[in-house]
Every structure is written in structure tokens, then in C-alpha cells.
Novice: 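Submitted below is the structure of interest, expressed as C-alpha cells.
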Amino acid sequence: MEQRHLGRTGLRVSRIGLGTLTWGRDTDEHDAADQLKAFWDAGGTLVDTADVYGGGEAEYLLGRLAGSLVPREDLVIATKAGNIPDPYRRVNGSRGHLLAALDASLERLGTDYVDLWQVHAFDPATPLEETLQAVDLAVSSGRVRYAGVSNFCGWQLAKAATWQLAAPGVRTRLASTQMEYSLLQRGIEREVLPAALDLGIGLLPSSPLGRGVLTGKYRQGTPSDSRGASERLAPFVEPYLNDAAARITDAVATAADGLATSPLHVALAWVRDRPGVAAPIVGARNAGQLAEALSVEALSLPYEICQALDDVSAPVHRYPDQDWSTL
């Protein structure tokens with residue numbers, strides 16, 4: 001698998017990442033092991049997790065497998081901290097919480113360091129400089145190699161990166177931002193992606209298959225074994241089961257027919273090769289499903305196909321994104 005630099009850093013990652021959102025909850029150790037082995041065999045390196053995935057079980061599973069099943073040094077382990085299971089305070093970006101969460105993650109992962117540590121979400125109740133100081137401490141202590149953020153909007157990302165760049169060589173430069181990005185969700189193109197490109201921050205798209213909808217599995221209804229049929233995950237899928245999404249999904253299917261490939265491959269290749277993207281994060285139920293996604297490596301979409309998909313999925317961005325004199 002091709003390797004890419006993560007933003008304007010020396011860290012290289014596989015251009016498809018393995019997501020572990022369901023590990024320890026819907027994916028047991030056997031299936032997780034099969035996925036990790038298939039990913040590694042395909043040349044994959046970037047494995048994305050978080051301290052809240054499976055209530056910590058995802059990190060625990062990954063820690064059991066890294067080193068025993070595949071060499072730890074062959075993996076780029078990325079985890080996150082800051083989201084908390086508290087209905088009254090969903091995010092905690094305080095220095096105390098983040099550093100304690102990092103220590104707990106390292107213990108579950110069974111490692112002395114993580115390659116990429118990401119602040120899971122912006123905390124409006126904590127001064128941003130306090131959050132970023134925690135990042136600096138984590139890196140300077142050697143427990144973290146590179147740092148990033150997740151779910152920061154455009155101004156939040158720019159503010160964080162600017163604060164760090166104000167003291168070059170002293171403060172830790174952001175390597176990445178993880179955001180949902182697909183043909184069904186192009187909102188980050190408004191401000192986040194331009195900011196990331198300008199600042200040299202690599203984008204790690206989550207849900208690159210439109211929460212599974214772009215594979216076409218929901219075109220004739222909701223399969224009984226799909227996320228959309230799960231009581232817990234149905235609300236996650238439902239926003240993309242509308243007429244606008246159906247038109248885009250149909251266009252992806254038409255493109256796939258013309259290229260003699262699958263809608264999954266078309267949708268994933270489109271995201272993978274967008275400007276600023278380092279590695280889409282792909283989750284799977286089992287190793288077979290993951291292998292299908294990883295086989296996209298040889299596919300590059302023709303310009304005409306990309307243009308058609310761009311057109312059919314184009315978000316409405318007017319003032320102030322366009323030149324005001326043309327409005």
C-alpha cells in the first residue's frame with residue numbers, strides 16, 4: 001500500500017487507515033485479529049482508535065494484538081482523548097483530564113508511546129492554550145510522537161495551529177485533523193479543508209463511505225444485518241437515507257458500473273485522492289469486508305468520473321466563500 005506523509009511532517013502512514021470504533025463492542029478479539037492481520041498483510045500501517053471506543057476495550061484489544069500478532073514497530077497507532085461519557089459535559093479538554101487519559105490509554109495499549117495522539121473534540125469550557133499545553137507536555141515527555149485534533153471546525157483548527165506556530169520549535173505543530181468526509185458529507189470543504197491545506201495539516205477522513213450508505217446496500221431497503229437495522233446505530237445512518245443522498249449514491253453506482261468495479265471502491269477512491277487527504281479511516285465488520293475495501297489500492301478514478309461525482313454532490317457554498325462581487 002502506498003505511504004503518504006501526514007501533513008507537513010516526517011511521519012508516513014498508509015493511505016488507508018484501519019478504524020476500530022466497533023472493537024470490543026461489536027467486533028470480538030478473533031475478528032479484530034483477522035482484520036489487523038489482513039490490514040498489515042496489505043501494507044497498512046495506520047490504526048485509529050480512541051479511549052472511549054468500546055469503553056476502552058478497543059485500545060485493550062489493539063494492545064493485545066500489537067506486538068504479538070504484528071510487529072508494534074510496523075504500526076502507526078493513533079488514539080484520541082477528550083470525549084467523556086457524561087451527559088452534562090460531553091468534552092473535557094483540561095490538562096488534568098487529557099494527561100490522565102493518555103496514561104490510561106498507554107496502559108491499555110501496552111506501549112510506552114503512541115505515534116499520533118488526537119484531541120477528540122474542541123472544549124469550549126477550557127482555554128484552548130491549556131489543551132494545547134497538555135499536548136506539548138505529552139510530546140516532550142516522549143509518550144506521544146505526533147499530535148492532531150478531531151472534530152474542530154475551521155476557526156478552531158486555525159486558532160490551534162496558529163497558537164502552536166507562534167513559538168516554532170517550542171510548541172508542538174499539529175500533524176493532522178480527523179473529520180467526517182465523503183461524497184455525502186463535504187461540509188469540511190467550506191473552511192476546515194482550506195485551513196488544513198494552508199497550514200500543512202493532514203486530513204484523516206472518517207466515515208468515507210457515508211456511514212455505509214455509499215456502498216449501495218440501502219438502495220433497495222435496509223438489510224437486516226446492517227448498521228441501519230441496529231437499534232443503536234440506526235440514528236447514525238438515518239441522516240443519509242434521504243432523496244439527496246439517494247441521487248449521489250445512484251451516481252456512484254453508475255460510475256462503478258462503467259468502471260467494472262464496486263460502489264465501495266468508487267466512493268473510497270474519490271475521498272482518498274482528494275487534495276489534503278492523508279488517509280481515510282475505514283471500519284469493517286470482518287476481515288472479508290476489510291479486504292474488499294483495501295483492494296481499492298489499484299484504482300484511480302478518471303478525471304471525468306471525478307468531475308461528475310463532484311458535480312452531483314457539490315455542497316452549496318456561497319457568501320463569503322465565493323467572490324462577493326459575483327453574487
Novice: Answer yes or no: does atom CD of E130 have more than 12 heavy-atom neighbours from other residues, nucleotides or ligands under 6.0 Å?
Specialist: yes

Novice: Are there over 12 heavy-atom neighbours, none belonging to D112, within less than 6.0 Å of that residue's CG?
Specialist: no

Novice: Inspect the surroundings of OH in Y240 and state if more than 12 heavy atoms from other residues, nucleotides or ligands are less than 6.0 Å away.
Specialist: yes

Novice: Mind running side chain to side chain contact (heavy atoms under 4.5 Å, CB included) on R4 and R272 for me, showing each step along the way?
Specialist: CA-CA 11 Å; R4 292 174 172 172; R272 182 198 64 196; 3.9 Å; yes

Novice: Do R72 and Y113 meet the cation-pi criteria used here (NZ or CZ under 6.0 Å from the six-membered ring centre, within 45° of the axis)?
Specialist: yes

Novice: Judged by atom type as modelled, is there a donor-acceptor pair below 3.5 Å linking the side chain of Q118 to the main-chain atoms of A78?
Specialist: no

Novice: Will you find, in the side chains of S105 and E59, an N or O donor that is under 3.5 Å from an N or O acceptor?
Specialist: yes

Novice: If you look at every heavy atom in L174 and A161, which pair is closest and at what distance?
Specialist: CD1-N, 4.2 Å

Novice: Kindly compute the distance separating CG (L18) from CG (L75), expressed to the nearest 0.5 Å.
Specialist: 9.5 Å

Novice: Less than 3.5 Å apart, any donor N or O on the side chain of T22 or T27 sitting next to an acceptor on the other?
Specialist: yes

Novice: Does any donor atom in the side chain of D310 or W270 lie under 3.5 Å from an acceptor atom in the other side chain?
Specialist: yes

Novice: Just so I know, are the side chains of L241 and V213 near enough to count as touching, which here means a heavy-atom distance under 4.5 Å?
Specialist: yes

Novice: Can you see whether Q178 engages D48 through a side-chain donor-acceptor pair at a distance of less than 3.5 angstrom?
Specialist: yes

Novice: Going by salt bridge (Lys or Arg N to Asp or Glu O under 4.0 Å), name the residues that satisfy it together with R190, two or more places apart in sequence or in a different chain.
Specialist: D321

Novice: Pairing donors with acceptors under 3.5 angstrom, does anything connect the side chains of D311 and Q307?
Specialist: yes

Novice: I need the E57 CD to E29 CD distance, nearest 0.5 Å.
Specialist: 10.0 Å

Novice: Should L203 and V13 be counted in the same cluster of Ile, Leu, Val, Met, Phe, Trp and Tyr side chains packed under 4.5 Å apart?
Specialist: no

Novice: Can you tell me how far CD of E292 sits from CG of L268, rounded to the nearest 0.5 angstrom?
Specialist: 10.5 Å

Novice: Which value, rounded to the nearest 0.5 Å, describes the distance between L61 atom CG and H30 atom NE2?
Specialist: 12.5 Å

Novice: Can you find a side-chain donor-acceptor pair between R186 and S313 that sits under 3.5 Å?
Specialist: yes

Novice: Measuring from D243:CG to I248:CD1, what's the distance to the nearest 0.5 Å?
Specialist: 11.5 Å

Novice: Any donor-acceptor pair under 3.5 Å linking the side-chain atoms of R173 with those of Y146?
Specialist: no

Novice: R15 and Q3: side-chain donor and acceptor closer than 3.5 Å?
Specialist: no

